[in-house]
Amino acid sequence: MTDLLDTIKAVWNDKDDEAYRQDQSHWRGVGRWANDAAWQSIGALTLDRFKFLWRILERAPSAMRDLSVLEWGQGGGSNVFGLREVASQYQGVDISPKNLQEAGRMISAEGYTGLFKPVLLEGPPEEIADKLLPIDMFLSTAVFQHFPSKDYGVQVLKTIRKACKPDAAGVIQIRFDNGNPTFSGIKSVEEYAERHIVANSYAIDAFWDILASCGFKPLAVDGIRTQNNYATFYMTAK
Ligand SMILES: C[S@@+](CC[C@H](N)C(=O)[O-])C[C@H]1O[C@@H](n2cnc3c(N)ncnc32)[C@H](O)[C@@H]1O
């Protein structure tokens, strides 16, 4: 696992091209995200998605507050920013100390000191299960496609599930596999450095079943985009 973690970290924390790394990690003000409206739109879309989920669950909009949130792979914190008003604590799980530090810095600079709780992943996903605080809301956007294998994503889902309170609800974005070779994923970890942007994908029906097998109740899927094979799943803890 150390080798695997080192391979992932070489891209997301230790890459020599720091400008590329920060842009890929969605740091506010860097590269594509010098356009602050574009950066803020990531978190705004995520908030809209949670409002949609709350409607599916027939929960009052006013019930979306004081929530314990967990994001897997928060990067520079675009979703931390988007969800700052509904969260009372926000755990970010990431393999990059630099990205954890930046998310904390960014949201503290906005006046939300103490909101962000960094959780550094230093081994297999399940190893942090005991360190996580119980959660009401969970999310992962633009991260599952960077996992080194389908099974790694299953381990992440099981770890998130363990932290869920009984009424927890969440949103997970993946790249889907529809036979397009661009998005079919890597065959071995040796390809990771080269193909980390499109390392992992799932058929939509397969991911629905995986969610169920990991203890979630999948409720809906939307945001299907054939330009980049993104799809967004909505779920509760069963
Ligand atoms: C493209 S950024 C996404 C940031 C944010 N979720 C968003 O949508 O703007 C990917 C993030 O996932 C993190 N990451 C990559 N592999 C990871 C892993 N195995 N576990 C946790 N985080 C990971 C990276 O360090 C980076 O912070």
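Just follow the structure's listing: the first ligand is 1, and inside any ligand the first atom is 1.
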How does [X] reach ligand 1, if at all, at less than 4.0 Å between non-hydrogen atoms: by side chain, backbone, both, or neither?
X: Glu71; result: side chain
X: Ile8; result: side chain
X: Ile42; result: side chain
X: Val143; result: side chain
X: Asn79; result: side chain

Checking the N or O distance criterion of under 3.5 Å, is ligand 1 in contact with Gly73?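 In this structure, Gly73 places an N or O atom under 3.5 Å from an N or O of ligand 1.
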
Quick check on contacts: which atoms of ligand 1 are under 4.0 angstrom from a heavy atom of [X]?
X: Ser96; value: 25 (O)
X: Asn99; value: 24 (C), 25 (O), 26 (C), 27 (O)
X: His146; value: 1 (C)
X: Trp72; value: 20 (N), 21 (C)
X: Gln74; value: 4 (C), 5 (C)
X: Tyr152; value: 18 (C), 19 (N)
X: Leu121; value: 20 (N)

Nearest protein heavy-atom contact for atom 1 (C) of ligand 1: which residue, which atom, what distance?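 For atom 1 (C) of ligand 1, the nearest protein heavy atom is Gln24 O, 3.0 Å.
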
Can you give me the closest heavy-atom contact between Trp39 and Gly76, atom names plus distance?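 Heavy-atom minimum between the residues: CZ2-O, 4.2 Å.
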
May I ask which of Leu139, Leu120, Val156, Asp94 has a heavy atom nearer to atom 25 (O) of ligand 1 than the others do?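 Result: the heavy atom closest to atom 25 (O) of ligand 1 is in Asp94.
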
Under a 4.0 Å threshold between the charged nitrogen and the carboxylate oxygen, would Arg28 count as salt-bridged to Glu110?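 Yes, Glu110 and Arg28 are salt-bridged.
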
Residues forming a salt bridge (charged side-chain N to carboxylate O under 4.0 Å, His left out) with Asp151, sequence neighbours excluded: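 In terms of salt bridge (charged side-chain N to carboxylate O under 4.0 Å, His left out), with neighbours along the sequence ignored, Asp151 is linked to no residue.
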
Just do the side-chain hydrogen bond (donor to acceptor under 3.5 Å, both in side chains) check on Ser68 and Asp136 with the steps written out, would you? CA-CA 5 Å; Ser68 172; Asp136 304 298; 4.8 Å; no

Side chains of residues 202-220: which donor-acceptor partners sit under 3.5 Å, not counting sequence neighbours?
{"unit_1": "Tyr202", "atom_1": "OH", "unit_2": "Lys150", "atom_2": "O", "d": "2.9"}
{"unit_1": "Tyr202", "atom_1": "OH", "unit_2": "Asn200", "atom_2": "ND2", "d": "3.2"}
{"unit_1": "Ser213", "atom_1": "OG", "unit_2": "Ile210", "atom_2": "O", "d": "2.8"}

Would Asp14 and Lys9 count as a salt bridge (Lys or Arg N to Asp or Glu O under 4.0 Å) here? Give the steps. CA-CA 6 Å; Asp14 304 331; Lys9 278 187 80 173; 5.3 Å; no

Can you tell me how the ring of Tyr152 sits relative to the ring of Phe147, calling it parallel under 30°, perpendicular over 60° and tilted otherwise?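 Judged by the thresholds at 30° and 60°, the geometry between Tyr152 and Phe147 is tilted.
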
